[in-house]
K.L.:
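Here it is, the structure in full.
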Amino acid sequence: MRSIFRNLKPQWKTVVLILLSLLIKGICDLSLPAYTSSLIDTGIQNSGIEYAVPISIREESYQAVAAYTTAEESACWQQLYQQQKDGVYTISDESPAVLKQYDEQFTLPIAQAALAARGTPMTREQMEVLGEQTIHSTAIAFIKAEYEALDMDLSAMQTRYLWLTGSKMLLVSVLMALAAMVSILFAARVGAAVGRDKRKQVFDKVTHFSGAEYAQFSTASLITRSTSDIQQIQLATTMMLHMAAYAPVLAFGGIFMVIRTGAGMEWIIVLAVALLFTLVGTLMGIAMPKFKKMQTLIDRVNLIAREILTGLPVIRAFGREKVEEERFDTANTKLMRTMLFTNRCMSFMMPSMMILMNGMSVLIVWVASHRIDAGLLGVGDMTAFITYTMMIVMSFLMLSMMSIMLPRAAVASERIEQVLAVTPTIHNPTQPQAIPQPKGVVAFENVSFRYPDAHDDVLSNIDFTAKPGQVTAIIGSTGCGKSTLINLLPRFYDVTAGRITVDGIDIRQMDIHDLRGMIGLAPQKGVLFSGTIASNISYGAPESTAADMAEAAVIAQASEFIASKPDQFESPIAQGGSNVSGGQKQRLSIARAVARQPLIYIFDDTFSALDFKTDAALRRALAPKTRESTVFIVAQRISTILYADQILVLDDEGRLAGKGTHKQLLESCETYRQIARSQLSEEELGGEVS
């Protein structure tokens with residue numbers, strides 16, 4: 001959960017703006033029910049008369065009120081009014097602050113005067129049992145009758161009050177809408193920024209993974225973490241800033257306004273919140289385990305879908321379409337059932353909430369009707385109380401919804417942090433050593449290697465030196481570690497014992513970019529990127545000219561099929577090179593390595609996809625280009641490496657079974673002789689093998 005909040009640090013200024021907008025929105029939202037209450041009680045019931053203290057009053061009424069005042073009130077009453085020539089008393093200060101102050105002081109004596117005028121006089125002690133609302137309404141009725149007797153336009157007074165209050169409500173509503181728009185807009189921007197930053201962090205981290213780190217996460221899982229999980233974090237961040245940050249403002253503000261109204265029905269809110277938490281807690285207890293399981297099921301669906309799409313030709317060739325469809329359908333059905341279960345739980349929440357809120361409204365009306373009848377509450381106050389109650393319940397509902405979303409986001413965030421927390425085993429040294437004049441002399445000094453968590457070494461005590469101008473070939477049975485040995489040179493993995501040096505410097509002490517900049521790699525599986533033929537050939541050397549690319553294509557025996565295409569070097573290459581053949585893909589991969597003009601060439605079983613004629617032509621064209629470079633060739637065919645300067649033979653245990661030229665190995669290495677007999681005839685061997 002902390003990681004979700006840590007994501008907001010770079011966006012703290014925008015977050016502050018969102019919180020200010022939500023505060024303004026909350027104040028506006030909480031003020032509207034009070035205005036509604038005023039419209040009902042004052043604007044409609046009291047004809048726009050807001051205060052019980054009259055602005056003007058006849059002399060007999062003035063004296064009648066004075067008769068019910070205390071000594072202290074009488075002195076204040078006399079100072080408050082001035083008698084005019086026509087005998088009418090008018091208030092000396094009509095400001096709302098003065099009227100509100102004296103309204104609280106003189107409501108009771110004015111109500112007593114009103115009851116006396118009706119022939120039902122009451123003492124103050126008797127009046128107190130009537131309730132504040134009844135007393136105030138009686139006083140207002142007295143003032144209303146007084147204004148009518150003075151021929152004052154009550155209709156205009158009421159209209160003016162309604163227009164004024166309505167205009168205030170309109171302005172508050174517009175301000176609330178603007179604040180809501182600002183908060184929603186910037187919350188969405190912050191959420192999108194968090195998602196962007198997380199995707200960038202994950203992508204940057206994964207691109208620096210070595211093979212050891214990739215083994216910890218499947219490709220499908222990394223894709224899910226980079227898409228679905230980050231989307232969950234982005235959505236939760238947006239909703240948290242817009243919903244979770246607003247809910248406390250609405251809840252505490254609503255509670256404050258309810259206490260302020262003095263309706264005496266606060267226990268209903270406590271009951272509503274308790275029922276709400278019971279409902280949400282029950283649903284969460286049922287649904288949350290399924291929410292946590294859902295991300296794992298998404299991983300599984302992505303994994304199977306990726307396997308099927310990647311291996312579609314093989315699936316069709318072996319007629320396994322039905323089996324794979326059933327395998328995908330099983331994983332997909334599990335995900336569907338889990339999602340349906342959680343969605344049903346969540347869909348049950350909304351109708352339950354509507355029943356709860358409507359039930360609370362009925363309960364409030366029932367309780368309030370008795371308080372209105374007792375003169376303790378006004379109709380407008382009841383309306384405001386219902387609105388505030390719904391606000392409070394909705395705020396707790398929003399918090400409950402977030403309590404469902406945040407755990408899902410927390411699970412997703414934890415999965416992202418697992419990726420970001422991985423420390424790559426392959427990293428730059430703090431003080432890398434540079435090679436003043438690189439030549440490309442490669443030495444393996446008693447190198448051993450085992451994969452992470454493996455019990456046995458894949459390679460053991462490999463010791464040899466490869467020099468510029470020489471071709472070093474590596475041969476052995478399938479699975480003996482040929483490609484593993486080659487992958488140690490560009491530090492796709494680090495050795496577990498011994499060391500590898502380039503020009504006498506341990507490659508672990510070199511800058512990785514400098515090291516890999518010296519290498520031109522043509523991998524066992526030709527990998528092309530979407531773009532053009534030119535962009536793929538110049539991939540490792542962006543500064544390559546058209547002449548450089550043409551030369552590389554000629555050496556790689558790719559110029560003929562490139563020339564046959566309408567756009568030639570600008571011909572498009574589909575994702576993964578799916579619009580070219582395997583041999584064409586491999587030749588473009590070789591051309592890419594040649595175009596880089598490196599000091600060290602690595603051909604990892606690259607020639608196996610080529611026919612013998614193309615293989616021979618390519619090696620003849622390659623020889624002059626690599627005269628000053630160190631060349632490594634991993635091969636299955638002896639014909640490919642027959643004239644190598646140095647051949648390394650690996651046995652099944654990953655040990656160096658032999659080292660030397662073709663002729664020397666035929667004489668001294670039994671493993672090489674067995675491979676040679678299986679591939680070459682007696683004539684091709686030249687009678688060198690007895």
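The first residue of the sequence shown is numbered 1, and numbering continues consecutively from there. Just the heavy atoms: all of them, side chains too, but no hydrogens, waters or symmetry mates, feed the values below.
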K.L.:
If you count heavy atoms of other groups shown closer than 6.0 angstrom to CE of M157, is the number above 12?
P.N.:
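Check passes, neighbour count above 12.
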K.L.:
Listed by chain and number, what are the salt bridge (Lys or Arg N to Asp or Glu O under 4.0 Å) partners of E324, not counting sequence neighbours?
P.N.:
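If we apply the salt bridge (Lys or Arg N to Asp or Glu O under 4.0 Å) test to E324, skipping adjacent residues, the hits are R327.
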K.L.:
Determine yes or no for a side-chain-to-main-chain donor-acceptor pair under 3.5 angstrom, with E73 supplying the side chain and T70 the backbone.
P.N.:
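Flag set: sc E73 to bb T70 pair under 3.5 Å.
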K.L.:
Side chain to side chain contact (heavy atoms under 4.5 Å, CB included) for T330 and I304? Distances and angles first, verdict last.
P.N.:
CA-CA 10 Å; T330 300; I304 294 175; over 6 Å; no
K.L.:
Under the 3.5 angstrom rule, does the side chain of S21 hit a backbone N or O of L17 as a donor-acceptor pair?
P.N.:
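Side chain of S21 to backbone of L17, a donor-acceptor pair under 3.5 Å: yes, one is there.
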K.L.:
Taking everything shown except M181 itself, do over 12 heavy atoms lie less than 6.0 Å from its CE?
P.N.:
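Check fails, neighbour count at 12 or below.
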K.L.:
Quick one: does S38's side chain have a donor or acceptor within less than 3.5 Å of a partner on A34's backbone?
P.N.:
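It does hold such a pair.
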K.L.:
State the CD1-CD1 distance between I223 and I298, to the nearest 0.5 angstrom.
P.N.:
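Between I223 CD1 and I298 CD1, I get 13.5 Å after rounding to 0.5 Å.
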K.L.:
Is there a donor-acceptor contact under 3.5 Å from the side chain of S395 to the main chain of I392?
P.N.:
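Checked: pair present.
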K.L.:
Search all heavy atoms of V249 against all heavy atoms of G26 and return the closest pair with its distance.
P.N.:
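Closest heavy-atom pair between V249 and G26: CG1-CA, 3.9 Å.
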K.L.:
Side chain of Q158, backbone of G43: donor and acceptor closer than 3.5 Å?
P.N.:
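Yes.
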K.L.:
How long is the gap from CD1 on I57 to CG on L150, to the nearest 0.5 Å?
P.N.:
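CG of L150 is found 8.5 Å from CD1 of I57.
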K.L.:
Any non-hydrogen side-chain atom of P54 less than 4.5 Å from a side-chain atom of I110?
P.N.:
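With C-beta onward as the side chain, the pair touches.
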K.L.:
Evaluate S155 against D153 for side-chain hydrogen bond (donor to acceptor under 3.5 Å, both in side chains), listing each step before the verdict.
P.N.:
CA-CA 5 Å; S155 178; D153 193 347; 4.6 Å; no
K.L.:
Between the side chain of K205 and the main-chain N/O of V422, is any donor-acceptor distance below 3.5 Å?
P.N.:
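Yes; at least one donor-acceptor contact below 3.5 Å.
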K.L.:
I would like to know whether S61 and E146 meet side-chain hydrogen bond (donor to acceptor under 3.5 Å, both in side chains); could you show each step before the answer?
P.N.:
CA-CA 8 Å; S61 299; E146 195 65 25; 2.7 Å; yes
K.L.:
Can any side-chain N or O of T42 pair as donor or acceptor with the backbone N or O of L39 at less than 3.5 Å?
P.N.:
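Looks like no, no N/O pair under 3.5 Å.
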K.L.:
Would you check, one step at a time, whether the test side-chain hydrogen bond (donor to acceptor under 3.5 Å, both in side chains) holds for T90 with Q84?
P.N.:
CA-CA 7 Å; T90 58; Q84 305 300 317; 2.7 Å; yes
K.L.:
Test side chain to side chain contact (heavy atoms under 4.5 Å, CB included) on Y51 and Q101 and set out the steps.
P.N.:
CA-CA 10 Å; Y51 303 106; Q101 175 186 352; over 6 Å; no
K.L.:
I want to check something: taking the side chain as every heavy atom from C-beta on, are W267 and V367 in contact at a cut-off of under 4.5 Å?
P.N.:
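The answer is yes, as the side chains (C-beta and beyond) meet within the 4.5 Å cut-off.
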K.L.:
Are the side chains of F328 and V301 in touch, meaning some heavy atoms are under 4.5 Å apart?
P.N.:
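A side-chain contact exists here, since the closest heavy-atom pair is under 4.5 Å.
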K.L.:
To the nearest 0.5 Å, what is the distance between NZ on K25 and CG on L175?
P.N.:
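Reported value, rounded in 0.5 Å steps: 12.0 Å.
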K.L.:
Residues in salt bridge (Lys or Arg N to Asp or Glu O under 4.0 Å) with K322, at least two apart?
P.N.:
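None.
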K.L.:
How about L154 and I49: do any of their side-chain heavy atoms sit closer than 4.5 Å?
P.N.:
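Result yes, sub-4.5 Å side-chain heavy-atom pair found.
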K.L.:
Where do V190 and T238 land on the side chain to side chain contact (heavy atoms under 4.5 Å, CB included) test, with the steps shown first?
P.N.:
CA-CA 7 Å; V190 170; T238 302; over 6 Å; no
K.L.:
Counting neighbours of CZ on R415 that are heavy atoms of other residues, nucleotides or ligands and sit closer than 6.0 Å, is the number greater than 12?
P.N.:
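Counting other residues, nucleotides and ligands, CZ of R415 exceeds 12 neighbours.
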K.L.:
Could you report the tightest heavy-atom contact between A139 and T107, atom names first, then the distance?
P.N.:
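Of all heavy-atom pairs spanning A139 and T107, the closest is CB-O, 3.8 Å.
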K.L.:
I want to check something: taking the side chain as every heavy atom from C-beta on, are M382 and S37 in contact at a cut-off of under 4.5 Å?
P.N.:
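Sidechains of S37 and M382: no contact.
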K.L.:
Donor-acceptor pair, distance only, cut-off 3.5 Å: does the side chain of Q112 make one with the backbone of M122?
P.N.:
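Side chain of Q112 to backbone of M122, a donor-acceptor pair under 3.5 Å: yes, one is there.
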K.L.:
Does atom CD of E72 have more than 12 heavy-atom neighbours from other groups under 6.0 Å away?
P.N.:
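No, the 6.0 Å shell around CD holds no more than 12 heavy atoms from other groups.
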K.L.:
Report the C-alpha distance between L99 and I91 in whole Å, list the side-chain angles of each, state the deciding distance to 0.1 Å, and finish with yes or no for side chain to side chain contact (heavy atoms under 4.5 Å, CB included).
P.N.:
CA-CA 9 Å; L99 292 174; I91 197 165; 3.6 Å; yes
K.L.:
Measure the CZ-NZ distance between F186 and K13 for me, rounded to the nearest 0.5 Å.
P.N.:
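That separation rounds to 13.5 Å.
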K.L.:
If you compare all heavy atoms of T138 against all heavy atoms of A111, which two are closest, and at what distance to 0.1 Å?
P.N.:
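Nearest heavy atoms, T138 then A111: CG2-O, 3.9 Å.
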K.L.:
Show the nearest heavy-atom pair for residues G87 and E59, with the distance to one decimal.
P.N.:
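That would be O-CB, 3.6 Å.
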K.L.:
Work out which heavy atom in Y68 is nearest to a heavy atom in A116; give both atom names and the distance.
P.N.:
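Closest approach of Y68 to A116: OH-CB, 3.1 Å.
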K.L.:
Any side-chain heavy atom of K198 within less than 4.5 Å of one from S413?
P.N.:
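SC-SC contact between K198 and S413 ruled out.
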K.L.:
Is the backbone of I55 close enough, under 3.5 Å, to the side chain of Y147 for a donor and an acceptor to pair up by distance?
P.N.:
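Checked: pair present.
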K.L.:
As an exercise, state the distance from CD1 of I230 to CZ of R225, rounded to the nearest 0.5 Å.
P.N.:
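Result: 11.0 Å between the selected atoms.
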K.L.:
Test the K168-Y35 pair against the cation-pi criterion, namely NZ or CZ under 6.0 angstrom from the six-membered ring centroid and within 45° of the ring axis.
P.N.:
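Not flagged: K168 not positioned over aromatic ring of Y35.
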K.L.:
I'd like to know whether CZ of R58 has more than 12 heavy-atom contacts from other residues, nucleotides or ligands below 6.0 angstrom.
P.N.:
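Enclosed.
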K.L.:
Taking the side chain as everything from C-beta on, heavy atoms only, tell me whether E325 gets closer than 4.5 Å to I308.
P.N.:
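Not in contact.
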K.L.:
Give the minimum heavy-atom separation between V202 and S226, together with the two atoms involved.
P.N.:
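Answer, listing the atom of V202 first, then S226: CG1-OG, 3.4 Å.
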K.L.:
For Q105, is the CD atom crowded, meaning more than 12 foreign heavy atoms sit under 6.0 Å from it?
P.N.:
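Above 12, so yes.
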K.L.:
Going by atom types alone, do D29 and Y246 pair a side-chain donor with an acceptor below 3.5 Å?
P.N.:
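The answer is yes; a qualifying pair exists.
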K.L.:
To the nearest 0.5 Å, tell me how far Y62 OH sits from Y81 OH.
P.N.:
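Answer rounded to 0.5 Å: 8.5 Å.
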K.L.:
Donor-acceptor check, side chain of T342 to backbone of T338, threshold 3.5 angstrom: yes or no?
P.N.:
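Looks like yes, one N/O pair under 3.5 Å.
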K.L.:
Just so I know, are the side chains of K144 and N46 near enough to count as touching, which here means a heavy-atom distance under 4.5 Å?
P.N.:
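With C-beta onward as the side chain, the pair stays apart.
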